[in-house]
Structures are given as C-alpha cells and as structure tokens.
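Here's the structure we're looking at; comments come further down.
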Amino acid sequence: MSSEEQRTESGSELGRFLRARRATVTTQDVGLPPGSGLRRTPGLRREEVASLAGVSIDYYARLERGIETRPSPSVVDALARALLMENDEREHMRNLVVRAARTDTGCLADPSTEVSHGTLLLLESMRPNPAVAVSRIYDLLAWNPAGLRLLVGLDDWPAQERNLVRYLFLHPAARVLTGDWDNQARDCVANLQTLAGTDPGAPDLARLVDELVPQSSEFARLWERYDVKAHSCGRKTFHHSEVGDLTVAHQSMQLEGTPGHRVLMFFAEPGTPEHDATALLDLLGHEGGSKGAARSGGPSAATQDETGPPSP
C-alpha cells in the first residue's frame with residue numbers, strides 16, 4: 001500500500017467514525033429544534049453538526065467522505081464537543097487524524113504470536129487466580145490452569161481457533177457463562193474498533209471481522225455502531241457450570257516489547273468464597289492439563305490440545 005493509499009484509508013476511517021457518532025446524537029441531546037421534514041437516517045444531519053462545530057457544511061462533508069483528512073486540533077475539539085464525545089472517543093479521533101497524516105506505510109504483516117518464557121512464568125505466578133495472555137485481537141496465546149477452565153467450552157475448539165471475541169459471539173456456552181453479556185460484547189467490539197482506527201490495514205483484525213460479520217448479526221450491528229473504548233479494569237460476574245456463580249475483579253495489563261499482547265487476570269480476596277472458587281478452578285484445570293501456551297508457532301507448552309470440533 002502506498003503512502004497516499006494509506007492516508008486515504010485512514011481518512012475514510014475518520015469519516016466512518018464521524019458518521020457513526022453523528023447517528024447516535026439527537027437534536028434533543030444538543031438542544032436543537034427537531035426541524036422539518038422526515039429524517040432519512042438517525043441522529044443529526046451533516047449541516048447540524050457543521051453548525052455546532054463552527055465549520056462549513058462542505059468542509060464537514062469532505063471529512064465524512066474521507067476527502068479531507070487533516071482537520072486542525074481546534075476543529076477536532078469542536079467536532080468532539082458537537083458530537084458529545086466521551087474521553088475515549090475524543091482520543092480515538094485524535095489518533096485517527098495523526099494516523100492519516102503519517103507518510104510511512106507501516107508493516108502489514110501478521111504480528112508475532114510467540115509468547116516468552118517470562119510471560120508463562122508470570123501466568124504461573126498468578127495461580128490460583130485465572131489469567132490468560134491474548135494477542136491484540138484476543139487470540140488466546142497462553143494461560144494458567146484456572147484461566148482456560150474459567151472459559152467454559154473454549155477448550156472444545158482447536159488451539160488455533162481460540163479467540164475470545166469469536167468465543168463470546170459464536171460459542172453457545174459464552175452467553176450462559178457471562179453475567180452481563182450485552183455490555184461485555186459491546187466493550188469487546190469497542191476495543192477492537194480502537195485498533196481498527198489506529199491500524200486500519202491490520203490483516204489479523206480484517207480476517208476476524210470478515211469472519212464474524214456474516215456469522216453474528218449482533219457483532220455486525222456493534223461493528224457498524226463504531227463505539228470505541230480503552231481497556232479497563234472492574235468486576236465481572238460468571239455463571240460457571242463447575243464452581244457456580246462468582247463475581248471477581250479483573251485487570252488488563254499490556255506486555256511491553258510485544259505487538260499488543262496483554263495479560264487478562266481475574267482475582268478475588270483470599271478467604272472469600274470467590275477465592276475458593278478460583279482455587280477450585282485452578283485444581284480442575286491443572287488436573288485437566290489446562291496449562292501453558294497452545295498457539296501454533298508459539299513456544300513449546302506443557303500441553304498442547306490440537307483436537308476438538310471446528311469452530312462454529
């Protein structure tokens with residue numbers, strides 16, 4: 001891809017983001033009269049956004065069409081205010097503008113999925129708390145015993161098919177397991193959208209999206225909505241078939257020196273029923289061999305499971 005093609009693609013991504021955000025804001029949200037005539041699409045009209053941001057209608061239309069790709073910082077801020085963007089959305093739009101201004105073509109090769117020995121030791125040290133290492137698109141790269149055991153049914157799939165987004169949208173066990181499936185699905189897709197905006201040519205992400213859009217109408221709807229969200233911490237509830245209901249804290253940690261790999265950890269206070277549940281998951285996972293890395297091309301693992309039915 002040439003420098004000019006890359007800038008055009010990034011500019012189009014900026015336009016797609018602006019259109020998606022415009023569709024979520026109503027005249028009532030921004031204190032405008034509803035106006036006359038039937039609205040063909042939800043949200044604000046282009047001329048309304050342009051007026052609120054203090055730019056010409058033609059200039060704003062060029063932004064949405066990907067023709068204009070380098071709005072000034074003051075225009076970016078004005079658009080963010082006009083479209084009532086949250087902090088994550090503002091930062092995402094700034095990143096899109098920076099991306100569009102770059103002249104380098106970047107690397108379009110698949111990023112490495114190799115997991116270092118140090119990462120395996122880190123996962124082991126977190127026991128009995130469930131922990132997994134994932135790629136930038138949530139491919140499962142490595143885990144400790146409780147980490148894989150927590151995700152009911154994921155070990156039914158071949159190791160190379162284990163992706164947490166694919167699991168969330170296509171595996172029937174995920175809906176039963178996840179206490180707040182709608183919010184978790186929205187957050188998961190929003191995290192992917194952040195990557196799509198800053199690295200629009202990512203081939204690994206493109207393959208995953210191309211797979212999931214036709215197979216899951218819910219994923220397709222959320223992808224079109226174009227919410228963005230930074231990785232966060234908090235609490236998650238699971239309805240687990242082996243240890244019952246448990247609510248645990250979770251934390252996402254970036255692994256420096258890797259192409260976007262992260263460790264996801266779930267933990268509970270020692271002495272609580274939730275901690276007892278994680279200890280049981282650790283025991284069950286250890287007995288079942290749920291330990292180590294299992295991605296083809298990654299480091300050798302204590303166990304590698306390459307069997308099981310294909311993904312749905």
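As the structure is a computational prediction, the values presented were derived from the model and not from experiment. Scope of the values below: all heavy atoms of this structure, side chains included, with no hydrogens, waters or symmetry mates.
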Heavy-atom side-chain proximity of [X] to [Y] below 4.5 angstrom:
X: Gln184; Y: Arg186; result: no
X: Phe169; Y: Val189; result: yes
X: Phe219; Y: Leu168; result: no
X: Leu14; Y: Thr69; result: no
X: Ser252; Y: Val263; result: no
X: Thr27; Y: Arg45; result: no
X: Asp180; Y: Asn183; result: yes
X: His240; Y: Leu177; result: yes

Charged N-O contact under 4.0 Å between Glu224 and Arg221: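 Looking at Glu224 and Arg221, the cut-off is not met.
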Taking [Y]'s backbone N and O only, do any of them form a donor-acceptor pair with [X]'s side chain (distance below 3.5 Å, no angle check)?
X: Ser216; Y: Leu212; result: no
X: His261; Y: Ser112; result: yes
X: His239; Y: Gly244; result: no
X: Asn163; Y: Ile137; result: yes
X: Asn144; Y: Ala131; result: yes
X: Asp155; Y: Leu148; result: no
X: Glu68; Y: Arg70; result: yes

Answer with yes or no whether the hydrophobic clustering places [X] together with [Y]; edges join I, L, V, M, F, W, Y residues whose side-chain heavy atoms lie under 4.5 Å apart.
X: Ile57; Y: Leu83; answer: no
X: Leu154; Y: Val176; answer: no
X: Val55; Y: Leu84; answer: yes

[atom1] of [X] to [atom2] of [Y]: how many Å apart, nearest 0.5 Å?
X: Leu280; Y: Arg149; atom1: CG; atom2: CZ; result: 9.0 Å
X: Cys188; Y: Leu222; atom1: SG; atom2: CG; result: 9.5 Å
X: Asp77; Y: Arg90; atom1: CG; atom2: CZ; result: 6.5 Å
X: Arg262; Y: Tyr138; atom1: CZ; atom2: OH; result: 7.0 Å
X: Leu164; Y: Leu151; atom1: CG; atom2: CG; result: 6.0 Å
X: Leu121; Y: Met126; atom1: CG; atom2: CE; result: 11.5 Å

Are there over 12 heavy-atom neighbours, none belonging to Glu86, within less than 6.0 Å of that residue's CD?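 For Glu86, atom CD is not crowded (no more than 12 foreign heavy atoms under 6.0 Å).
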Does atom CZ (Arg225) have a neighbourhood of more than 12 heavy atoms from anything else shown, all under 6.0 Å?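 No, because the 6.0 Å sphere around CZ of Arg225 holds 12 heavy atoms or fewer from other groups.
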Taking salt bridge (Lys or Arg N to Asp or Glu O under 4.0 Å) as the definition, give me every residue that meets it alongside Asp187, ordered by chain and number, with sequence neighbours left out.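 For Asp187, no residue satisfies salt bridge (Lys or Arg N to Asp or Glu O under 4.0 Å) once neighbours in sequence are set aside.
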Considering all heavy atoms, the nearest Gln254-Thr258 contact: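 Taking every non-hydrogen atom into account, NE2-OG1, 4.5 Å.
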Grab the two heavy atoms, one from Val248 and one from Glu274, that are nearest each other, plus how far apart they are.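 Looks like CG1-CB, 4.4 Å.
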Judged by modelled atom types alone, do [X] and [Y] share a side-chain donor-acceptor pair under 3.5 Å?
X: Thr194; Y: Asn191; result: no
X: Tyr60; Y: Glu48; result: no
X: Thr247; Y: Thr237; result: yes

Arg127 and its side chain to side chain contact (heavy atoms under 4.5 Å, CB included) partner, picked from Thr278, Leu281, Asp282, Leu283: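 When side chain to side chain contact (heavy atoms under 4.5 Å, CB included) is applied between Arg127 and each of Thr278, Leu281, Asp282, Leu283, only Asp282 qualifies.
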Trp157 six-ring centre to Arg162 NZ/CZ under 6.0 Å and within 45° of normal: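 Pair Arg162/Trp157 does not count as cation-pi.
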Hey, which of Arg21, Arg94, Arg81 is the one that makes salt bridge (charged side-chain N to carboxylate O under 4.0 Å, His left out) with Glu89?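 It is Arg21; the other options fail the test.
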Going by the salt bridge (charged side-chain N to carboxylate O under 4.0 Å, His left out) test, name the single residue among Arg22, Arg16, Arg19 that passes it with Glu64.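 Result: among Arg22, Arg16, Arg19, Arg22 is the only option passing the salt bridge (charged side-chain N to carboxylate O under 4.0 Å, His left out) with Glu64.
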Assign the ring pair Tyr167 / His171 to parallel, tilted or perpendicular, where the plane angle (0 to 90°) is split at 30° and 60°.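 Tilted: the ring planes of Tyr167 and His171 meet at 30° to 60°.
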Residues forming a ring-ring contact (aromatic ring centres under 6.0 Å, His included) with Phe238, sequence neighbours excluded: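 Phe238 satisfies ring-ring contact (aromatic ring centres under 6.0 Å, His included) with Phe266 once adjacent residues are dropped.
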